[in-house]
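Everything below concerns the one structure shown next.
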Amino acid sequence: MTVGFDLDMTLIDPRPGMRRAFEVLGGQTGLPLDGESFANNLGPPLQDEFRRYVTDEALVTSLVTEFRALYPGIVIPRTVALPGAVESVAAVRELGGRVVVVTGKYAPNASLHLDALGIEVDHLVGELWSVAKADALREFGAQIYVGDHIGDVVGAKAAGAVAVTVPSGACDAAQLAGAGADVVLGDLTEFPAWLREWAGTGQALDLRHERRSLDQQNAP
(Lines give C-alpha, C1' and ligand atoms only; values in the text may rest on other atoms or scores of the structure.)
Protein backbone atom coordinates (compact mmCIF):
# COMPACT_ATOMS: atom_id res chain seq x y z
CA MET A 1 0.00 0.00 0.00
CA THR A 2 1.23 3.47 -0.89
CA VAL A 3 -0.44 6.62 0.40
CA GLY A 4 0.28 10.07 -0.97
CA PHE A 5 -0.08 13.29 0.98
CA ASP A 6 -0.12 16.93 -0.03
CA LEU A 7 1.99 19.15 2.23
CA ASP A 8 0.71 22.71 2.80
CA MET A 9 -2.50 22.75 4.85
CA THR A 10 -2.70 18.96 4.70
CA LEU A 11 0.28 17.88 6.80
CA ILE A 12 1.60 21.31 7.82
CA ASP A 13 0.40 24.85 8.51
CA PRO A 14 3.00 27.29 7.13
CA ARG A 15 0.68 30.32 7.01
CA PRO A 16 2.35 32.52 9.67
CA GLY A 17 5.72 32.17 7.96
CA MET A 18 4.23 32.68 4.51
CA ARG A 19 2.69 35.97 5.62
CA ARG A 20 5.97 37.14 7.12
CA ALA A 21 8.00 36.11 4.08
CA PHE A 22 5.70 38.14 1.84
CA GLU A 23 6.05 41.13 4.14
CA VAL A 24 9.84 40.91 3.96
CA LEU A 25 9.88 40.37 0.20
CA GLY A 26 7.46 43.23 -0.33
CA GLY A 27 9.72 45.49 1.70
CA GLN A 28 12.74 44.46 -0.35
CA THR A 29 11.07 44.89 -3.74
CA GLY A 30 8.61 47.70 -3.11
CA LEU A 31 5.75 45.56 -4.42
CA PRO A 32 2.40 45.60 -2.55
CA LEU A 33 2.51 41.87 -1.86
CA ASP A 34 -0.58 40.64 0.03
CA GLY A 35 0.73 37.99 2.39
CA GLU A 36 -2.66 37.46 4.05
CA SER A 37 -4.34 36.59 0.75
CA PHE A 38 -1.46 34.36 -0.29
CA ALA A 39 -1.35 32.46 3.00
CA ASN A 40 -5.10 31.89 2.97
CA ASN A 41 -5.12 30.45 -0.56
CA LEU A 42 -2.17 28.07 -0.57
CA GLY A 43 -2.12 25.48 -3.32
CA PRO A 44 -1.59 27.02 -6.77
CA PRO A 45 1.98 27.57 -8.03
CA LEU A 46 3.98 30.42 -6.53
CA GLN A 47 4.57 31.82 -10.00
CA ASP A 48 0.83 32.38 -10.41
CA GLU A 49 0.75 34.45 -7.23
CA PHE A 50 3.54 36.74 -8.38
CA ARG A 51 1.87 37.19 -11.77
CA ARG A 52 -0.82 39.09 -9.91
CA TYR A 53 1.71 41.86 -9.37
CA VAL A 54 4.06 41.79 -12.37
CA THR A 55 3.80 40.73 -16.00
CA ASP A 56 7.50 40.40 -16.80
CA GLU A 57 8.30 36.66 -16.62
CA ALA A 58 11.94 37.37 -15.83
CA LEU A 59 10.80 39.36 -12.79
CA VAL A 60 8.42 36.57 -11.78
CA THR A 61 11.34 34.13 -11.86
CA SER A 62 13.45 36.55 -9.81
CA LEU A 63 10.71 36.92 -7.19
CA VAL A 64 10.37 33.14 -6.91
CA THR A 65 14.13 32.82 -6.40
CA GLU A 66 14.17 35.55 -3.74
CA PHE A 67 11.19 34.04 -1.93
CA ARG A 68 12.81 30.61 -1.86
CA ALA A 69 16.00 32.11 -0.46
CA LEU A 70 14.07 33.78 2.38
CA TYR A 71 12.04 30.66 3.06
CA PRO A 72 14.31 28.54 5.32
CA GLY A 73 14.95 31.30 7.82
CA ILE A 74 11.42 32.70 7.95
CA VAL A 75 8.86 30.01 7.13
CA ILE A 76 10.43 26.82 8.50
CA PRO A 77 10.64 27.95 12.16
CA ARG A 78 7.09 29.35 12.09
CA THR A 79 5.46 26.18 10.73
CA VAL A 80 3.66 23.51 12.75
CA ALA A 81 2.30 20.08 11.89
CA LEU A 82 -1.47 20.03 11.58
CA PRO A 83 -3.42 17.93 14.10
CA GLY A 84 -3.31 14.28 13.09
CA ALA A 85 -0.45 14.67 10.59
CA VAL A 86 2.18 12.67 12.46
CA GLU A 87 -0.38 10.06 13.47
CA SER A 88 -1.64 9.71 9.89
CA VAL A 89 1.83 9.01 8.52
CA ALA A 90 2.40 6.57 11.38
CA ALA A 91 -0.87 4.80 10.56
CA VAL A 92 0.36 4.11 7.02
CA ARG A 93 3.59 2.68 8.42
CA GLU A 94 1.74 0.51 10.93
CA LEU A 95 -0.10 -1.11 8.04
CA GLY A 96 3.17 -1.79 6.23
CA GLY A 97 2.62 0.98 3.70
CA ARG A 98 4.81 3.58 2.05
CA VAL A 99 4.35 7.35 2.28
CA VAL A 100 4.95 9.75 -0.59
CA VAL A 101 4.51 13.51 -0.35
CA VAL A 102 3.54 15.15 -3.63
CA THR A 103 3.42 18.93 -3.32
CA GLY A 104 3.49 22.11 -5.34
CA LYS A 105 6.21 23.39 -3.04
CA TYR A 106 9.89 23.64 -4.00
CA ALA A 107 11.23 20.23 -2.94
CA PRO A 108 14.30 21.41 -0.96
CA ASN A 109 12.11 23.63 1.23
CA ALA A 110 9.49 20.90 1.55
CA SER A 111 12.23 18.56 2.77
CA LEU A 112 13.29 21.12 5.39
CA HIS A 113 9.73 21.16 6.75
CA LEU A 114 9.56 17.40 7.03
CA ASP A 115 12.96 17.23 8.74
CA ALA A 116 12.10 20.03 11.17
CA LEU A 117 8.84 18.35 12.20
CA GLY A 118 10.19 14.81 12.29
CA ILE A 119 7.88 13.53 9.58
CA GLU A 120 9.59 10.67 7.74
CA VAL A 121 8.44 9.82 4.23
CA ASP A 122 9.66 7.37 1.63
CA HIS A 123 9.54 9.76 -1.31
CA LEU A 124 9.08 13.49 -1.84
CA VAL A 125 8.18 15.12 -5.15
CA GLY A 126 7.86 18.88 -5.44
CA GLU A 127 6.62 21.54 -7.86
CA LEU A 128 3.61 19.56 -9.07
CA TRP A 129 0.13 21.04 -9.07
CA SER A 130 -3.35 19.70 -9.81
CA VAL A 131 -3.43 17.10 -12.62
CA ALA A 132 0.37 17.09 -12.84
CA LYS A 133 0.46 15.41 -9.43
CA ALA A 134 -0.96 12.30 -11.09
CA ASP A 135 2.38 11.57 -12.76
CA ALA A 136 4.16 11.12 -9.43
CA LEU A 137 1.23 9.31 -7.84
CA ARG A 138 1.19 6.78 -10.67
CA GLU A 139 4.98 6.42 -10.59
CA PHE A 140 4.89 5.35 -6.94
CA GLY A 141 1.65 3.38 -7.21
CA ALA A 142 -0.30 5.52 -4.74
CA GLN A 143 -3.71 4.04 -4.03
CA ILE A 144 -4.78 6.98 -1.88
CA TYR A 145 -3.97 10.68 -2.09
CA VAL A 146 -4.78 13.00 0.79
CA GLY A 147 -5.11 16.73 0.20
CA ASP A 148 -6.95 19.90 1.11
CA HIS A 149 -7.55 21.53 -2.27
CA ILE A 150 -9.69 20.92 -5.34
CA GLY A 151 -6.42 20.61 -7.24
CA ASP A 152 -5.54 17.64 -5.06
CA VAL A 153 -8.81 15.96 -5.97
CA VAL A 154 -8.04 16.49 -9.66
CA GLY A 155 -4.59 14.94 -9.24
CA ALA A 156 -5.88 11.95 -7.29
CA LYS A 157 -8.65 11.24 -9.79
CA ALA A 158 -6.26 11.50 -12.74
CA ALA A 159 -4.00 8.94 -11.04
CA GLY A 160 -6.86 6.54 -10.26
CA ALA A 161 -6.28 7.01 -6.53
CA VAL A 162 -8.88 7.40 -3.78
CA ALA A 163 -9.24 11.15 -3.21
CA VAL A 164 -9.30 11.74 0.55
CA THR A 165 -9.67 15.38 1.59
CA VAL A 166 -9.62 17.61 4.65
CA PRO A 167 -11.15 21.13 4.70
CA SER A 168 -8.17 22.64 6.49
CA GLY A 169 -7.07 24.87 3.62
CA ALA A 170 -8.69 27.22 1.14
CA CYS A 171 -11.49 24.81 0.11
CA ASP A 172 -14.40 23.92 2.38
CA ALA A 173 -16.04 20.52 2.66
CA ALA A 174 -18.80 21.34 0.15
CA GLN A 175 -16.27 22.48 -2.45
CA LEU A 176 -14.19 19.35 -2.00
CA ALA A 177 -17.21 17.08 -2.25
CA GLY A 178 -18.44 18.99 -5.27
CA ALA A 179 -15.08 18.49 -6.98
CA GLY A 180 -15.52 14.73 -6.68
CA ALA A 181 -13.60 13.86 -3.51
CA ASP A 182 -14.27 10.25 -2.51
CA VAL A 183 -13.89 11.05 1.19
CA VAL A 184 -14.17 14.34 3.08
CA LEU A 185 -12.91 14.05 6.64
CA GLY A 186 -13.44 16.63 9.35
CA ASP A 187 -9.68 16.89 9.78
CA LEU A 188 -6.63 14.66 9.61
CA THR A 189 -7.17 13.25 13.10
CA GLU A 190 -9.89 11.09 11.50
CA PHE A 191 -7.58 9.63 8.89
CA PRO A 192 -5.92 6.77 10.85
CA ALA A 193 -9.28 5.19 11.71
CA TRP A 194 -10.54 5.66 8.15
CA LEU A 195 -7.36 4.11 6.74
CA ARG A 196 -7.58 1.07 9.01
CA GLU A 197 -11.17 0.53 7.94
CA TRP A 198 -10.29 0.99 4.26
CA ALA A 199 -7.35 -1.40 4.51
CA GLY A 200 -9.46 -3.99 6.31
CA THR A 201 -12.20 -3.79 3.71
CA GLY A 202 -9.67 -4.03 0.89
CA GLN A 203 -8.01 -7.07 2.43
CA ALA A 204 -11.38 -8.76 2.87
CA LEU A 205 -12.21 -8.12 -0.77
CA ASP A 206 -8.85 -9.53 -1.84
CA LEU A 207 -9.42 -12.67 0.23
CA ARG A 208 -12.87 -13.18 -1.29
CA HIS A 209 -11.40 -12.74 -4.76
CA GLU A 210 -8.69 -15.31 -3.99
CA ARG A 211 -11.28 -17.76 -2.61
CA ARG A 212 -13.42 -17.42 -5.75
CA SER A 213 -10.36 -18.02 -7.92
CA LEU A 214 -9.43 -21.16 -5.98
CA ASP A 215 -13.00 -22.44 -6.16
CA GLN A 216 -13.05 -21.92 -9.90
CA GLN A 217 -9.72 -23.74 -10.30
CA ASN A 218 -10.98 -26.68 -8.23
CA ALA A 219 -14.33 -26.88 -9.94
CA PRO A 220 -14.97 -30.18 -11.83
Main-chain N/O of I74 paired with R78 side-chain donor or acceptor, under 3.5 Å: yes

Steps toward salt bridge (charged side-chain N to carboxylate O under 4.0 Å, His left out) verdict (R68, E127): CA-CA 13 Å; R68 287 174 174 172; E127 297 186 75; 3.1 Å; yes

Co-membership, hydrophobic cluster, residues V121 and I144, 4.5 Å side-chain: yes

Sidechain N-carboxylate O distance under 4.0 Å for D8, R15: no

Chi angles and distances behind the side chain to side chain contact (heavy atoms under 4.5 Å, CB included) call for V125, T103: CA-CA 6 Å; V125 183; T103 174; over 6 Å; no

Aromatic plane relationship, F22 with F38 - under 30° parallel, 30 to 60° tilted, over 60° perpendicular: parallel

Rounded distance [0.5 Å steps], CG in L63 versus CD in Q28: 10.5 Å

Main-chain N/O of R98 paired to D122 side chain as donor or acceptor, under 3.5 Å: no

R93 vs V99 side-chain heavy atoms within contact, under 4.5 Å: yes

L46 backbone acceptor or donor facing E49 side chain under 3.5 Å: no

Shared hydrophobic cluster, V54 / L33 (ILVMFWY, side-chain heavy atoms < 4.5 Å): yes

Polar side-chain atom of T165 near backbone of V183 as donor-acceptor pair, under 3.5 Å: yes

pair V146-L185: side-chain heavy atoms closer than 4.5 Å: no

Contact check, side chains of P167 and Q175, non-hydrogen atoms, under 4.5 Å: no

Hydrophobic cluster membership, I76 vs I119, 4.5 Å side-chain cutoff: no

V164 vs D182 side-chain heavy atoms within contact, under 4.5 Å: no

Exercise: do D148 and S168 side chains pair donor with acceptor under 3.5 Å: no

E57 side chain to T61 side chain, donor-acceptor N/O pair below 3.5 angstrom: no

Spacing of D152 atom CG and L176 atom CG [to the nearest 0.5 Å]: 8.5 Å

N-O pairing of K133 and D6 below 4.0 Å: yes

Side-chain heavy atoms of T2 within contact of V100, under 4.5 Å: yes

D56/R51 salt bridge by N-O under 4.0 Å criterion: no

Mutual orientation of the aromatic rings belonging to F67 and Y71 [parallel < 30°, tilted 30-60°, perpendicular > 60°]: perpendicular

Charged N-O contact under 4.0 Å between E36 and R19: yes

Distance-only donor-acceptor check, side chains Y145 and K157, under 3.5 Å: no

Heavy-atom donor-acceptor pair, E197 side chain to A193 backbone, under 3.5 Å: no

Gap between atom CG of L31 and atom CZ of R52 - 0.5 Å precision: 12.0 Å

Ring geometry between F140 and H123 (parallel below 30°, tilted from 30 to 60°, perpendicular above 60°): parallel

Exam field: side chain N109 to backbone Y106, donor-acceptor pair closer than 3.5 Å: no

S111 side-chain N/O to A107 backbone N/O, donor-acceptor pair under 3.5 Å: no

